Every structure is written in C-alpha cells, then in structure tokens.
Amino acid sequence: MKFGGSSVADAARVREVAQIVLSFPEEMPVLVLSAMGKTTNNLLAAGEMAMRAEEGVEALEPLRAIRRLHEDTMEALGTDAVTKAEVQKLLKKLEQVCTGIALMQEVTSRTRALLVSFGERMSTRIFASYLRSLGARTEQVDTIDDMFVTTDEFENGMILDATFSKTKARLTLGPGDEPVVRVVTGFLGRGEKTGAVCTLGRGGSDLTATVIGKALGLKEVQVWKDVDGVLSADPREVEGTVPMPFLSFQEATELAYFGAQVLHPHSMRPAMDSSDLCVRVKNSYNIRAPGTVIGHVRDEDEHKNWLLTSIVQKKNVTMLDITSTRMLGQYGFLAKVFSVMASNGISVDVVATSEVSVSLTLDPSKLWSRDLAKEELEKLVQDFENEGIAHVTVSSGHSIISLIGNVERNNEIMERSFRALGSEDIKVKMVSQGASKTNISLLVDQEQGSDAVRAIHSEFFSK
Ligand SMILES: Nc1ncnc2c1ncn2[C@@H]1O[C@H](COP(=O)(O)OP(=O)(O)O)[C@@H](O)[C@H]1O
Ligand SMILES: N[C@@H](CC(=O)OP(=O)(O)O)C(=O)O
C-alpha cells in the first residue's frame, strides 16, 4: 500500500491512514510512504535558498517549516523518544547539508537527491512509531540501505535488476518470523557506481510500490492518493471529472508520460512485467470509493463500451517544422532527422509527417532552462542546416492534448473531438497517432490548451 504526500500531510492524516492500514487485520501490508505534504518541495527550496544564504541556514523559512511540521506531528502523535531522537538527528544532518551548500555556494544534482531523501526518511519513522503505539508490530525500512539499486542519474535513477532480489530478501518474512508491518521509504535508491543517494524522479514512490509488488510476487499494489482514482481529466483544470473503473497499463503509461501527474511515468513497468499484478488507485480521503484498477487487459464487456478514458495536457511544448523538398521521400531522410536529434540529446514526443515536412514536438522536460533551451535550439537548427536538410522553423508555447482511449474507434473519437474544438474556435495545428494503440495527440496553442481539454471533456463526459 503506497500513501503519497497529500495522504500523510499532517498528524490528522497520519491517524486516518493508520486506521486504513489497520482495517486489514488479516493482512500484513508493506507500506510505502512519501514525504509529508509539501516537504519535498520545501527541501528543494531550502537547497536553492541555502546557496544564497548569508546567516545560519536554520533560519531559512523552508527549513523552519520542515522542522515545525515534523516536530508538531510528533508532538500530536506522542511519538516515542527513540524515534524523536532519530528524527532530530535527521533534521540536524539536513541543516548540515544546507550549511555545506551555503559554504560551497553550489547545489549539485547529487546534493539535491541527498537533500530530498530526508523527507521520506522522517515520514516513515514517524508513521512506524505511531502504528506501534496502536499495538501493531512495525519495522521502518530505508530503501537506501542495500535494497533499491539504481543507475547514477542522481535525481532520476532507473531501477536495476539487483533491486528485485535484494527487496525480496529484505521484505520476505521467514517461517518463524512474527507478522510485522514494514514501513518503507518511497522515492529513494542508491546509485550502483557512486553509492550516492538517488531519487526515482518526482512522484517516484508509485514506482517504489510497484517494484516491491513485483519483487514479492503480490497480486495487488494499492496506490492511495487524494482523488477517487484515475479521473477523466485533471480535476484542477476540469469540473465534473469522473473516475475510471479500469485502465490498461498501456493507457496508464501514456497518461503519465503525456502529463497526468497522478501516476509516475515508469511506475507501471514492474507491474506490466508481472503476469498477475494489478495496481489499484484509491482515495485516502474517501475510502468507500472503489478506485481505479489498472491491469493487463479490459474484460469483454468493458471493452465493448470503451471509448475515451482520459484527456491529458502537456504544456510548454516546443515544435520543430522541418521542410525540405530535396530529401523528402528519399531513403534516409527520417534517419538523418533523428540522428541530428539524438546527437543533440533531445528526445522527441510526437511526430507528424506530411508530403513536404516533418513536424516534431520536443519533450519539455529535456529543455531544462530557458537560456539553455535557446542555445540548444539554435545549435539544433544549425545542425539541420549543416546536414543540408533545408529549412527548420522552431515554435514554442504549444500544448499537446492527448486523448487516451480505444483507438480502434478513433474515427468517432476524432470526429467528436474536432466538432467540440471547432465549436470553441480552437485550431488544431498537428495530429498524431503514433504506434500506440491508446493515444491520439493534438497540438494546440498553449493558451487554448485548457479550453480544449474542457471542450473535449464536455463532449465525452457531460452528455
Ligand atoms: N487524470 C487524473 N486523474 C487523477 N488525478 C489527476 C489527474 N491528472 C492530474 N491529477 C492530479 O494528481 C493528483 C494526485 O497525484 P499526486 O499529487 O502524485 O498524489 P500523491 O502525492 O498522493 O501520490 C490529484 O490531486 C490531481 O489533482
Ligand atoms: N516525495 C516525492 C516522491 C513522491 O512520489 O511523492 P508523492 O507520492 O507525494 O507524489 C515527490 O514529491 O516527488
């Protein structure tokens, strides 16, 4: 069972979640917890501010907020003295790391990963202590202690195979062992080569949960959030969203990749690799809601009525239009285009080709900062010119609207979507339905992006 930051945001939420966990007396779930509330964001802010700090870093507001939240929570829950001491030690170490950043006037990716790790390391200790106070046998587990092994991208480590055997060994109860609830840190691992603390990328606790599910051969991983499941669109953008009873892993992966914050892009992979593991998205604020089951295939009945699952928007998208009359249609044109992209280390999101041009959208996460993006794009355009691929135009400020649904009925999906967009006078600049069987992508101007999502959502979910 995984509980995200919003589910363990304060003492009251911790009490609620503990009741959810204890309502499964016959089970001894493995719990995966994220940092409390907005602690991860506060830790990142503390790192940035520490770089410019003059006086002692402990005065920095994000650090004060972190200390206040965890001390107040321990006070309210009556945390035992040993755990209190452990958390105080972590808070002290956190301040030392920030002091180091202030002295060095620099915060590296490796340091940021270490910085954010304090969130999950504290939340799991406090939660385990509270469960113990309710009479449950519990054990707090740090995945950075010889359990989750990742590649050495400090803030986006990929899970390495060694993780599965280590996790199985660490969490499997022996024949004589007393049943115990393990409270495991989400989001964290350790780089195989550097041995440095690494994170699995923002939202990575979902991935921690599915990795554990696969390692232990579980039937179900429950991901508890603050919504009734995977919804038909982002509830912060669209009114009247409805929870989906079922999603395939592929739909969930496309949703996450194309911008739905609700699931981590890589979190479905371990579940997809396990023949009988499903993921259930539940709401810790509304435990009666059935939630969304994410599994391999829809059953027949489901499939018959299945049209559109969800609409998701990815903003801040840059598009390249590559026009060449000389090379189009000739063997190797596309290969040349993609080799230029690869040599610049820029990943492509969506492609649409026409008789005389290729349009590519660039994954915004690969364009970290405005000036880097500008330099990077200028070099990219220059490389295309040098390759003699002819004219390239760059345009930014687009949104990709992805329609995750039954692409076998894409005529109906497209016809109704274009009608909805037309009635709002929203212009579609590119359409792409890649190899994916579940995703049709439309490119629109970013300032019309949310209106586009609302118009399509109203067409399919408000009738
Ligand atoms: N299609 C969607 N379905 C459900 N939630 C969505 C969707 N798109 C965006 N969200 C947002 O994702 C949030 C849940 O994801 P997240 O913040 O990662 O939860 P947690 O921190 O509890 O794991 C919701 O509060 C919601 O605002
Ligand atoms: N705390 C980490 C990991 C995570 O998955 O958080 P959440 O479950 O709140 O999305 C983050 O904020 O990215």
Side-chain angles (χ1 to χ4, degrees), residues 1-2 4 24 27 29-30 32 158-161 163-165 167-168 171-172 186 200-201 203-225 227-233 241-283 289-312 402-410 412-413 433-441 460:
M1 298 170 83
K2 178 258 173 176
F24 298 89
E27 309 269 340
V30 174
V32 172
M158 296 293 141
I159 295 288
L160 295 176
D161 283 349
T163 301
F164 295 99
S165 51
T167 297
K168 184 172 182 181
L171 296 182
T172 300
L200 307 179
S205 295
D206 295 341
L207 177 57
T208 304
T210 51
V211 166
I212 291 174
K214 177 183 176 184
L216 299 183
L218 301 181
K219 294 261 181 292
E220 179 172 293
V221 168
Q222 294 182 354
V223 178
W224 291 73
K225 296 189 173 276
V227 283
D228 279 352
V230 177
L231 305 174
S232 47
T241 53
V242 293
M244 294 293 122
F246 180 88
L247 234 64
S248 68
F249 286 125
Q250 188 172 13
E251 292 165 75
T253 302
E254 297 270 343
L255 252 174
Y257 181 76
F258 279 96
Q261 174 196 338
V262 64
L263 288 168
H264 182 278
H266 302 304
S267 58
M268 292 300 112
R269 175 50 54 200
M272 291 165 90
D273 293 345
S274 318
S275 53
D276 52 1
L277 171 59
C278 78
V279 176
R280 188 184 295 270
V281 181
K282 292 279 289 181
N283 186 348
T292 297
V293 172
I294 306 174
H296 287 279
V297 280
R298 291 172 179 280
D299 63 36
E300 272 311 299
D301 301 348
E302 269 272 338
H303 191 85
K304 258 203 307 288
N305 314 318
W306 173 41
L307 183 57
L308 194 63
T309 302
S310 193
I311 306 147
V312 62
S402 294
L403 311 177
I404 313 293
N406 182 358
V407 185
E408 285 161 24
R409 298 175 62 181
N410 66 352
E412 181 182 352
I413 294 175
Q433 182 210 320
S436 146
K437 291 282 164 280
T438 60
N439 177 10
I440 299 167
S441 293
F460 286 91

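This structure is a prediction, so every number in the text was calculated from the model and none was measured. In this chain, residues are counted from 1 in sequence order.
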Check: Does the side chain of V223 reach to within under 4.5 Å of the side chain of I294, using non-hydrogen atoms?
Finding: no
Item checked: CD-CD1 distance between E254 and I404, expressed to the nearest 0.5 angstrom -> 5.5 Å
Notebook entry, point to check: With S402, which residues qualify under side chain to side chain donor-acceptor pair (under 3.5 Å), at least two apart?
Noted result: S441
Note to self: Strictly distance-based, threshold 3.5 Å: is any side-chain N or O of T163 a donor or acceptor partner for the main-chain N or O of L160?
What the structure shows: yes
Margin query: Tell me if a side-chain donor or acceptor on T210 pairs with a main-chain N or O of M268 at a distance below 3.5 Å.
Written below: no
Item checked: Closest approach of L231 to S310 (non-hydrogen atoms, all atoms of both residues) -> O-OG, 2.9 Å
Check: Between atom CG of L218 and atom CG of L171, what is the distance when rounded to the nearest 0.5 Å?
Finding: 9.5 Å
Checklist line | Nearest heavy atoms of P270 and V211, plus distance in Å | finding: CG-CG2, 3.8 Å
Checklist line | Rounded distance [0.5 Å steps], CG in N439 versus CG in L403 | finding: 7.5 Å
Checklist line | Smallest separation among heavy atoms of K282 and P290, with atom names | finding: CD-O, 3.7 Å
Notebook entry, point to check: What's the spacing between M1 CE and I212 CD1 if we round to 0.5 Å?
Noted result: 13.5 Å
Notebook entry, point to check: Looking at side-chain heavy atoms only, is the closest gap between D206 and K225 below 4.5 Å?
Noted result: yes
Next item on the list: Report the residues that fulfil salt bridge (Lys or Arg N to Asp or Glu O under 4.0 Å) with D276, sequence neighbours left out, ordered by chain and then residue number.
Entry: K219
Check: Should L263 and L255 be marked as a side chain to side chain contact (heavy atoms under 4.5 Å, CB included) after you check the CA-CA gap, both sets of side-chain angles, and the distance that decides it?
Finding: CA-CA 8 Å; L263 288 168; L255 252 174; 5.8 Å; no
Next item on the list: Check for a donor-acceptor pair, side chain of H264 on one end and backbone N or O of L200 on the other, with a separation under 3.5 Å.
Entry: yes
Notebook entry, point to check: Donor-acceptor pair, S267 side chain versus L207 backbone, under 3.5 Å?
Noted result: no
Note to self: Are there over 12 heavy-atom neighbours, none belonging to E412, within less than 6.0 Å of that residue's CD?
What the structure shows: yes
Note to self: Can a donor-acceptor pair be found, under 3.5 Å and without considering hydrogens, that links the side chain of H296 to the backbone of S274?
What the structure shows: yes
Item checked: Shortest non-hydrogen separation from V279 to A271 and the atoms involved -> CG2-CB, 4.0 Å
Notebook entry, point to check: Which atoms form the tightest heavy-atom contact between M272 and Q250, and what is the distance?
Noted result: CE-N, 4.4 Å
Next item on the list: Take H266 and M158 through the test side chain to side chain contact (heavy atoms under 4.5 Å, CB included) and record every step on the way to the result.
Entry: CA-CA 9 Å; H266 302 304; M158 296 293 141; 3.7 Å; yes
Check: For K214 and L277, which heavy atoms make the closest approach, and how far apart are they?
Finding: N-CD2, 3.7 Å
Checklist line | Sidechain-backbone polar pair: R409 side chain, W306 backbone, donor-acceptor under 3.5 Å | finding: yes
Margin query: Main chain of M244, side chain of T292: is a donor-acceptor contact present, judged purely on distance under 3.5 Å?
Written below: yes
